[in-house]
Structure formats: structure tokens, C-alpha cells
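Keep in mind that the numbers below use all heavy atoms, side chains included, and drop hydrogens, waters and symmetry copies. Throughout, numbering of the chain's residues begins at 1 and tracks the sequence. Because the structure is a prediction, the values reported are computed rather than measured.
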Amino acid sequence: MTAWKKDQGLAGSDLIEFLADTDAELTQAMDIVLTGPTNKTPGAGEKGAGPNKALGWHTMRCKRTATYLVDGVVRVHEVSEGPGPQGEADPAGDDFPQNSCVENMLKLIGSC
């Protein structure tokens, strides 16, 4: 996670922390397990298209999210997972990440 933080140009920041969820405990507790149209539950169902095909069916990855906490209390939590403007499927949030991007988060944080 330190390398990823450095790669994103945030190595010197104490305001943003990158955390690993290696056992997917937080991912499951927050109900943000990445699913796709043919694999509603990781490890189960038909292995067709969708993000888990690219990431590996054994993984339990989380959806694209951004969370703002103050003293351990969630103040803003946004998930980017589609649908897109024309109803496009986007379970990983790669095509339409706007909900969890910094511009939207700053706007929502400012209204807290």
C-alpha cells in the first residue's frame, strides 16, 4: 500500500491513508464486494463476463469507493458502480467513477 500511495503522489501526505483489506473483512462488512452481471456472489455462479473474470474468480475485491471519516465516524461514503448514463453496466466503476472521484467527494465533504 505504501508503494501505491507513493505512485499516486501522496507519499508525504498525512491526510490520506491507504489501507489493505487482505481478508476482505471490511469489504464484506460494508457490503461493497465487487460483483458482476454473471457472478452475483464471488466464488459462485456462472464464470462468464464481468470484473471477476479479469481479476480472478478466487478474489473478493471491493467496489470503487471513497470514504471520508472523522474520528472513526463515516461522514461520506460513495460507491462508483454504474449504471452509466445510458444504463451501461459498470460494476467495477472503471467507466463511470464520478461518484468516488475527488471532485464529488470534496463537494459532499463541504456540505457535511
Side-chain angles (χ1 to χ4, degrees):
M1 297 307 293
T2 302
W4 186 23
K5 186 174 179 177
K6 182 179 178 182
D7 178 69
Q8 297 303 302
L10 298 166
S13 174
D14 291 331
L15 298 175
I16 298 175
E17 192 60 51
F18 285 45
L19 304 171
D21 185 21
T22 54
D23 293 324
E25 292 176 22
L26 181 62
T27 298
Q28 292 177 76
M30 293 182 74
D31 194 27
I32 54 173
V33 175
L34 180 60
T35 58
T38 59
N39 189 28
K40 298 296 181 190
T41 304
E46 185 182 342
K47 295 181 179 181
N52 288 343
K53 181 175 183 181
L55 298 172
W57 292 96
H58 64 287
T59 66
M60 205 176 300
R61 305 290 296 262
C62 69
K63 296 174 183 176
R64 182 181 302 271
T65 63
T67 307
Y68 173 67
L69 297 97
V70 176
D71 296 326
V73 176
V74 175
R75 299 293 179 114
V76 178
H77 178 73
E78 288 292 306
V79 179
S80 293
E81 63 178 322
Q86 305 300 316
E88 305 93 331
D90 186 22
D94 291 337
D95 296 325
F96 306 101
Q98 296 85 345
N99 287 355
S100 58
C101 285
V102 68
E103 295 84 3
N104 186 52
M105 290 299 292
L106 289 173
K107 180 180 76 174
L108 296 172
I109 290 167
S111 65
C112 284

Take Q28 and V33 through the test side-chain contact (heavy atoms from CB on, under 4.5 Å) and record every step on the way to the result.
-> CA-CA 6 Å; Q28 292 177 76; V33 175; 4.0 Å; yes
Atom CG of D7 with >12 non-hydrogen neighbours under 6.0 angstrom |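 Counting other residues, nucleotides and ligands, CG of D7 exceeds 12 neighbours.
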With hydrophobic residues grouped by side-chain heavy-atom distances under 4.5 Å, do V70 and V76 end up in a single group?
-> yes
Look at the side-chain heavy atoms of Ile, Leu, Val, Met, Phe, Trp and Tyr, link any pair under 4.5 Å apart, and say whether V79 and L26 land in one connected group.
-> yes
Full working for side-chain contact (heavy atoms from CB on, under 4.5 Å) between T65 and M30 | CA-CA 11 Å; T65 63; M30 293 182 74; over 6 Å; no
Residue that, paired with S100, satisfies side-chain contact (heavy atoms from CB on, under 4.5 Å) out of R64, H77, M105 | R64
Is there side-chain contact between I16 and Q8, with heavy atoms separated by less than 4.5 Å?
-> no
Answer whether the closest heavy-atom distance between the side chains of E88 and D95 falls below 4.5 Å.
->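 Sidechains of D95 and E88: no contact.
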Scan for salt bridge (Lys or Arg N to Asp or Glu O under 4.0 Å) pairs involving residues 11-23, sequence neighbours excluded, and state none if there are none.
-> K5-E17
Taking all non-hydrogen atoms of both residues, which atom of F96 and which atom of S80 are closest, and how far apart?
-> O-CB, 3.7 Å
Measuring from C62:SG to D31:CG, what's the distance to the nearest 0.5 Å?
-> 12.0 Å
Distance (rounded to the nearest 0.5 Å) between T67 OG1 and E78 CD |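 With rounding to 0.5 Å, OG1 (T67) is 9.0 Å from CD (E78).
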Could you give me the CA-CA distance, side-chain angles and deciding distance for Y68 and L108, then say whether side-chain contact (heavy atoms from CB on, under 4.5 Å) is met?
-> CA-CA 10 Å; Y68 173 67; L108 296 172; over 6 Å; no
